[in-house]
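For reference, the structure is listed below as structure tokens.
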There are 4 protein chains.
Amino acid sequence: MLRAVRAELLESGVEGLTVDRVAQRSGVHRATVYRRWGDVGGLLADAVRAARDSAWTPPDTGSLAGDLTALAEEVVGAHQGRPTLAVALLAASFRSEAAATELNGFWSDRLGAAVAVVERARSRGEVPEGTDGEAVVLAVTGPLLQSVLLLGRPVAEPDVEGLAARVAAAAAAGLLG
Amino acid sequence: MLRAVRAELLESGVEGLTVDRVAQRSGVHRATVYRRWGDVGGLLADAVRAARDSAWTPPDTGSLAGDLTALAEEVVGAHQGRPTLAVALLAASFRSEAAATELNGFWSDRLGAAVAVVERARSRGEVPEGTDGEAVVLAVTGPLLQSVLLLGRPVAEPDVEGLAARVAAAAAAGLLG
Amino acid sequence: MLRAVRAELLESGVEGLTVDRVAQRSGVHRATVYRRWGDVGGLLADAVRAARDSAWTPPDTGSLAGDLTALAEEVVGAHQGRPTLAVALLAASFRSEAAATELNGFWSDRLGAAVAVVERARSRGEVPEGTDGEAVVLAVTGPLLQSVLLLGRPVAEPDVEGLAARVAAAAAAGLLG
Amino acid sequence: MLRAVRAELLESGVEGLTVDRVAQRSGVHRATVYRRWGDVGGLLADAVRAARDSAWTPPDTGSLAGDLTALAEEVVGAHQGRPTLAVALLAASFRSEAAATELNGFWSDRLGAAVAVVERARSRGEVPEGTDGEAVVLAVTGPLLQSVLLLGRPVAEPDVEGLAARVAAAAAAGLLG
DNA sequence: GAATAAACGAGACGGTACGTCTTGTCTTAGC
DNA sequence: GCTAAGACAAGACGTACCGTCTCGTTTATTC
């Protein structure tokens, strides 16, 4: 059922998504979609929730810089190159209030999970005790997302690596406490 | 003319924006809107372009940390609290390809202007020679935008100040070169 | 439903007929009209078909001349004096191909029914065996319709009677075989 | 100028005729058309008037039956086979009151000219003195026009000849006085 | 095994927005 | 002074989508 929504989002984006087409693709009548989700908003919210519920664990490469690089590449890759599910879900959050709330939850969940990367670094002694995990992660993903989503700039691997290395160094220097 | 678009965007958001209502509000016939902008997309693109064309100069408080704080507060203020023009324009960029391109230009313009803050800091000797102005600005705005737009977290003044101060310190330490 | 179409045709003619007004008059939404008739043409065609489907029997006065007179008066009356449904339907046939086909059917049906008048005259011995019924009817209605519709000449009762009598005489003389 | 109107009428019929296209085809600006004809109706009326003004003389074959046959064939030929100028002008008369009046004049003129055929027959002694010329002509063209225009029946040459012969015979018998 | 509740397929409907197309009026220049 | 160029108001057209609804049918579930 949600497969159909995802497929439609990928094919036609959020603007091209239609209850009719979702219904037809999932072999179900349009009325049934309304009965179960009540709304296009609900449909979109559920699609975001599905993404949110899918299990995810942060990378573990052995070093903070490596983890941050891997993390950032994943984030960038998901938002780079237009017909992307992540971008479609982001667009969906502007069409449906419920989807927006769900998307906030998605990012909160992922951020909460991603701080483990910093925890591990701290337990390895790479960064000082009071280091703010969220600040570290946001210091990497924030600028990259702004580049990709708002500036429309393609971000290449070396950029990501460089940024991750600099953030790791700043964290090691105790500047992100 | 664009006043009407802006007003509609503020009142009803991008989803509630209608060619009919824009036309009526600006005292013009619907056909005229189509003649001049061809499309809802063109209308939105032009609204973004108008924002882009409005003059803007980065703050000048005398210190890098102060400038970055002022800059960041402006950015956060424009995207915090839902019925905001900036958010509506962002939403518009997901409805119209042309608006998206225009929005990228907007952010590029603003970023280009904002690096002057770092230039000034360098000429004052606050930061070393090779400091990357864009990296400095993005280090402040990126995480904040991610917080506000994606995480849905309200960002308060002390958060902004603290982040600006840390980025200024990192730049002074030559970590953003 | 078709009552509304007829009323609009009578009031404003075919040029003034609008899907919107038909819909409003029949207490139905515009979209429903499009769903059911697809087209203004379809609407007109159906109006003609309704006229075609309405039962009709030729007059029976006891004599061929009397029948032809009554028949002709009916035809003339339906096309004389501008705001006439028959004229509006004729106009409709120039706006919609489907309506034109339907109108042809209407006239064929009526002609087919009208020849009964001649059949009866034959069985009464008023006209010889091989008399062509259609030719008799057309000899009366054709010239009159040309007068009313093409020449724009008002046709009065005596004209009709005179013509009917002459045609009846010609038929009796075996000239319409 | 009127060439363009005629060409458009032939190509697209009255429904497809547009002031814009007429103007463009005649190499003139749309505003000029309005200045000179004021109205689409005026344009159509003028097209009909042009047809009316074109010289026409009835056929002269030497016999009444021959003349009537030739006359009828001309009339039928002008209205048979859909994309016909005569039919388009007829359709135009349903779109414009002025064109309708003009068309009535056209038919009156032609009828007035056509009675010469009967005059000649009378002077040749083919028909009695009091024969009604108009009645003779209408007896031929009326039924044929009803067949072609209203019944939608194709009319072939033998039909025309037969009818003309019968009418000539009736006239000779003094039945059309 | 029959009765009944719940979900479903099908499809009409009211309502809105979109974008296109004509018509007829008008203003501004140019020849 | 007529004309080209073209903007404009008005409004019909036909399409697409949304969300609601009714109606009949199929499942389950329960007695």
Side-chain angles (χ1 to χ4, degrees), chain A residues 1 8 12 14-24 26-44 95-96, chain B residues 1 8 12 14-24 26-44 95-96, chain C residues 1 8 12 14-24 26-44 95-96, chain D residues 1 8 12 14-24 26-44 95-96:
Chain A
M1 320 259 183
E8 284 293 331
S12 339
V14 127
E15 297 300 322
L17 181 138
T18 292
V19 173
D20 254 311
R21 280 164 60 179
V22 168
Q24 195 169 350
S26 61
V28 141
H29 194 264
R30 202 163 51 86
T32 303
V33 175
Y34 281 109
R35 248 186 296 261
R36 290 217 277 229
W37 283 280
D39 210 338
V40 167
L43 204 61
L44 295 175
R95 189 166 163 189
S96 150
Chain B
M1 319 258 183
E8 284 293 332
S12 340
V14 133
E15 297 299 322
L17 181 137
T18 291
V19 172
D20 254 310
R21 278 165 62 178
V22 168
Q24 195 170 348
S26 61
V28 142
H29 193 265
R30 198 163 56 86
T32 301
V33 175
Y34 281 110
R35 208 173 304 120
R36 289 217 277 228
W37 285 280
D39 210 340
V40 169
L43 206 60
L44 296 175
R95 188 164 164 192
S96 149
Chain C
M1 319 259 183
E8 284 292 331
S12 338
V14 135
E15 297 298 321
L17 181 138
T18 293
V19 173
D20 254 310
R21 279 166 62 181
V22 168
Q24 194 169 348
S26 63
V28 142
H29 197 265
R30 195 165 59 88
T32 300
V33 175
Y34 282 110
R35 240 187 303 265
R36 292 217 275 229
W37 285 280
D39 210 339
V40 169
L43 206 59
L44 295 175
R95 190 166 164 189
S96 149
Chain D
M1 318 262 181
E8 285 291 331
S12 338
V14 128
E15 297 299 320
L17 180 139
T18 292
V19 173
D20 254 311
R21 280 164 61 178
V22 168
Q24 195 169 350
S26 62
V28 142
H29 193 263
R30 202 161 53 86
T32 302
V33 175
Y34 280 109
R35 212 171 300 120
R36 291 219 276 232
W37 283 280
D39 211 339
V40 167
L43 204 61
L44 295 176
R95 188 165 164 191
S96 149

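None of these values were measured; they are calculated from a predicted model. Computed from heavy atoms alone, side chains included, the values below leave out hydrogens, waters and symmetry copies. Just so it is clear: chains get the letters A, B, ... in the order the sequence lines come, proteins before strands, and each one is counted from 1.
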Looking at [atom1] of [X] and [atom2] of [Y], how far apart are the two atoms once the value is rounded to the nearest 0.5 Å?
X        : Y        : atom1 : atom2 : answer
Asp20(A) : Arg30(A) : CG    : CZ    : 5.0 Å
Thr18(B) : Glu15(B) : OG1   : CD    : 10.0 Å
Arg95(D) : Arg95(C) : CZ    : CZ    : 9.5 Å
His29(B) : Tyr34(B) : NE2   : OH    : 11.0 Å

Does [X] put a side-chain nitrogen or oxygen below 4.0 Å from OP1 or OP2 of [N]?
X        : N       : result
Arg30(B) : dG19(E) : no
Thr18(B) : dA17(E) : yes
Arg35(D) : dG1(F)  : no
Arg95(D) : dT23(E) : yes
Thr32(C) : dA12(E) : no

Notebook entry, point to check: Do the side chain of Arg21(C) and the main chain of Glu8(C) share a donor and acceptor less than 3.5 angstrom apart?
Noted result: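 Pair absent, no side-chain N/O of Arg21(C) close to backbone of Glu8(C).
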I need the [atom1]-[atom2] distance between [X] and [N], as an integer number of Å.
X        : N       : atom1 : atom2 : result
Met1(B)  : dA7(F)  : CE    : P     : 13 Å
Gln24(D) : dT23(E) : CD    : P     : 13 Å
Leu44(C) : dC13(F) : CG    : C1'   : 13 Å
Leu43(A) : dC17(F) : CG    : P     : 15 Å
Tyr34(A) : dC13(E) : OH    : P     : 18 Å
Asp20(A) : dA10(E) : CG    : P     : 12 Å
Glu15(D) : dA12(F) : CD    : C1'   : 13 Å

Nearest-neighbour nucleotide for the [X] side chain, [options] considered:
X        : options                   : value
Ala31(D) : dG19(E), dA5(F), dG14(F)  : dA5(F)
Arg36(C) : dT23(E), dT15(F), dC13(E) : dC13(E)
His29(D) : dT3(F), dG6(F), dG9(E)    : dG6(F)
Val40(A) : dG19(F), dC18(E), dG14(F) : dG19(F)

Notebook entry, point to check: Heavy atoms under 4.0 Å, any strand shown: does Arg21(B) hit a base, just sugar-phosphate, or nothing?
Noted result: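 Counting heavy atoms under 4.0 Å across all strands, no contact is made by Arg21(B).
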Notebook entry, point to check: When we call it a touch if two heavy atoms are under 4.0 Å apart, what does Leu17(B) touch: a base, just sugar-phosphate, or nothing?
Noted result: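 Counting heavy atoms under 4.0 Å across all strands, the contact made by Leu17(B) is with sugar-phosphate only.
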